[in-house]
Protein chains: 2
Amino acid sequence: MSTQSEKHAVLSERLKSCDVRPTPQREVVLKVILEKRDHPTADEIFARVKAQMPTISLATVYNCLETLVGCGIVRQVNLERAPTRYCPNLHEHAHFHDEQSGKIHDVDLPAEIMTRLREVLPPGFQASSIELNFRGSAKPATS
Amino acid sequence: MSTQSEKHAVLSERLKSCDVRPTPQREVVLKVILEKRDHPTADEIFARVKAQMPTISLATVYNCLETLVGCGIVRQVNLERAPTRYCPNLHEHAHFHDEQSGKIHDVDLPAEIMTRLREVLPPGFQASSIELNFRGSAKPATS
DNA sequence: GTAAGAATTAGAATAATTCTAAATAGATGC
DNA sequence: GCATCTATTTAGAATTATTCTAATTCTTAC
């Protein structure tokens, strides 16, 4: 089990390794995103962060998120013009949007599929990123 | 070559076949989308439609688009929370977003890939639709 | 021809996000 | 250690795509 200050150090290092100044605001925003990986929106993150740092402003949350996304620590998830959601899973993965529950699930992608996907592009097209979203219903097999 | 009234009849039939009343507004919106398939936004569609029907309102364009999307005649394309774009290509296809030019290209998807994609889902997950977006740069081979 | 329902319209409202300008904090050079 | 310079945070205003509202106009059915 890790202490409060150990956790803090991990967050801080994570930020420094990206040449980002580890401000208290950035750390708490990152902490909240890592803690509950349910693809929260900026508003949800704001609410969770305020519980720990009541004086933080929404603009700062947006600023921090922009920074974290910019340095690749978190990823934006955009589905159908709904509010942007944030995801700390850095593996190449797809998203499954359960229409019943509204929940978003991460779906791991075999490397082989990604290669295959790039092959469907016509000559001259070079993909720097691929976004894959499923929509449907998920029956919890176990849970 | 088809006459004006023949074109009109085609549009009208297309709408009727979906149990949608073929109003002049819906026809002109559909016409504009079919005519120039460059994935226009609602604003761009509004501008193009106004050239032919200056009294139409933006709200009506949105209403018509909603109707056309609802009955499956056109498809929405959402990339990164940018304004929604509209696409009359009904084949199962992906989109390639050229970051240089901002243009969106349709990419045909072999049925085999789609099957393969459904297979990556864990048991219990049933996808009703799959959205696939590429981002990168496209060098025009011919053009 | 009239009543009922559907579609259109202009403009107001909404909501997520970005911008602005001022205040604060932190780092750097001396 | 202190002044300065830059980066960050903040509150609130601004922006913008889209949706809503309520009134009007069209269609359709009888």
Side-chain angles (χ1 to χ4, degrees), chain A residues 8 11-12 15-16 18-32 39-50 52-71 73-87 102 104, chain B residues 8 11-12 14-16 18-33 39-50 52-71 73-87 102 104:
Chain A
H8 169 83
L11 293 168
S12 175
L15 292 168
K16 275 191 233 161
C18 303
D19 280 317
V20 163
R21 233 164 59 192
T23 66
Q25 288 84 350
R26 285 172 181 164
E27 284 178 21
V28 71
V29 167
L30 177 54
K31 178 161 169 277
V32 149
H39 304 90
T41 63
D43 265 350
E44 287 165 348
I45 292 167
F46 181 45
R48 293 174 196 178
V49 164
K50 260 207 297 205
Q52 300 178 47
M53 185 184 272
T55 60
I56 200 170
S57 78
L58 179 56
T60 300
V61 170
Y62 273 105
N63 288 341
C64 293
L65 289 172
E66 191 185 15
T67 302
L68 295 175
V69 169
C71 71
I73 295 184
V74 308
R75 195 176 132 181
Q76 288 188 319
V77 182
N78 289 300
L79 298 173
E80 307 267 301
R81 281 193 65 76
T84 297
R85 297 173 171 278
Y86 295 86
C87 175
I104 291 162
Chain B
H8 168 84
L11 294 169
S12 174
R14 188 86 188 268
L15 293 168
K16 275 191 233 164
C18 304
D19 280 318
V20 163
R21 235 165 58 189
T23 67
Q25 288 85 349
R26 285 173 180 164
E27 283 176 23
V28 72
V29 167
L30 177 53
K31 178 160 169 276
V32 149
I33 292 177
H39 304 90
T41 63
D43 265 349
E44 287 165 347
I45 292 167
F46 181 45
R48 293 173 195 179
V49 162
K50 261 208 295 207
Q52 302 179 44
M53 185 185 272
T55 59
I56 200 170
S57 79
L58 179 58
T60 300
V61 170
Y62 273 105
N63 288 342
C64 292
L65 289 171
E66 191 185 15
T67 302
L68 295 175
V69 168
C71 71
I73 293 183
V74 309
R75 194 175 134 180
Q76 288 188 318
V77 181
N78 289 300
L79 298 174
E80 307 269 297
R81 282 195 63 79
T84 298
R85 296 174 173 278
Y86 295 86
C87 175
I104 291 162

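Per chain, numbering begins at 1; letters A, B, ... match sequence-line order. Please read these numbers as outputs of a predicted model, since none were measured by experiment.
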Student: Looking only at heavy atoms, which two atoms of A:Val61 and A:Ala42 are closest? And how far apart?
Tutor: CG1-O, 4.0 Å

Student: What's the CG-P distance between B:Asn78 and D:dT18, to the nearest Å?
Tutor: 8 Å

Student: Considering just the side-chain nitrogens and oxygens of B:Arg81, establish if one lies under 4.0 Å of OP1 or OP2 belonging to C:dA16.
Tutor: no

Student: Under 3.5 Å between N/O atoms: give me all the protein pairs with nucleotides 23-29 of chain C, atom names plus distance.
Tutor:
none

Student: By a strict heavy-atom criterion of less than 4.0 Å, which residues belonging to residues 53-66 of chain B are in contact with DNA chain C?
Tutor: B:Thr55, B:Ile56, B:Ser57, B:Ala59, B:Thr60, B:Asn63

Student: Determine yes or no for a side-chain-to-main-chain donor-acceptor pair under 3.5 angstrom, with A:Arg26 supplying the side chain and A:Arg21 the backbone.
Tutor: yes

Student: Okay, side chain of B:His39, backbone of B:Arg85: is any donor-acceptor separation there less than 3.5 Å?
Tutor: no

Student: Does B:Leu15 reach the side chain of B:Glu27, with side-chain heavy atoms less than 4.5 Å apart?
Tutor: yes

Student: Would you mind reading off the distance between A:Leu30 atom CG and D:dT8 atom C1', rounded to a whole angstrom?
Tutor: 17 Å

Student: Please report, rounded to the nearest Å, how far the P atom of D:dT25 is from the CZ atom of B:Arg26.
Tutor: 19 Å

Student: When you measure from the side chain of A:Arg81 to the backbone of B:Arg81, do you find a donor-acceptor pair of N or O atoms at a distance under 3.5 Å?
Tutor: yes

Student: Any donor and acceptor pair, going by atom type alone, linking the side chain of B:Glu44 with main-chain N or O of B:Thr41 inside 3.5 Å?
Tutor: yes

Student: Provide, to the nearest angstrom, the distance between the CZ atom belonging to B:Phe46 and the C1' atom belonging to C:dT9.
Tutor: 11 Å

Student: Counting only heavy atoms not in A:Gln76, do more than 12 fall under 6.0 Å of its CD?
Tutor: yes

Student: Looking at D:dT18, I'd like to know if its phosphate oxygens (OP1 or OP2) sit under 4.0 Å from a side-chain N or O belonging to B:Thr84.
Tutor: yes

Student: Quick one: does B:Ser12's side chain have a donor or acceptor within less than 3.5 Å of a partner on B:His8's backbone?
Tutor: no

Student: Below the 4.0 Å mark, does C:dT9 have OP1 or OP2 next to a side-chain nitrogen or oxygen of B:Gln25?
Tutor: yes

Student: Roughly how bent is the helix from C:dG1-D:dC30 to C:dC30-D:dG1 end to end, in steps of 10 degrees, with each end axis from five pairs?
Tutor: 30°

Student: Nearest-Å distance, CG (A:Asp43) to C1' (C:dT14)?
Tutor: 13 Å

Student: Are any of the side-chain heavy atoms of A:Ile45 and A:Val29 separated by less than 4.5 Å?
Tutor: yes

Student: Nearest whole Å is fine: how far is D:dT18 P from B:Arg85 CZ?
Tutor: 10 Å

Student: A:Glu44 has an atom CD; how far is it from atom C1' of C:dA15, in whole Å?
Tutor: 15 Å

Student: Taking atom CD as the centre, does B:Gln52 end up with more than 12 heavy-atom neighbours from other residues, nucleotides or ligands that are less than 6.0 angstrom away?
Tutor: yes

Student: Look only at the side chain of B:Thr67 and the backbone of B:Asn63, and say whether a donor-acceptor pair between them is shorter than 3.5 Å.
Tutor: yes

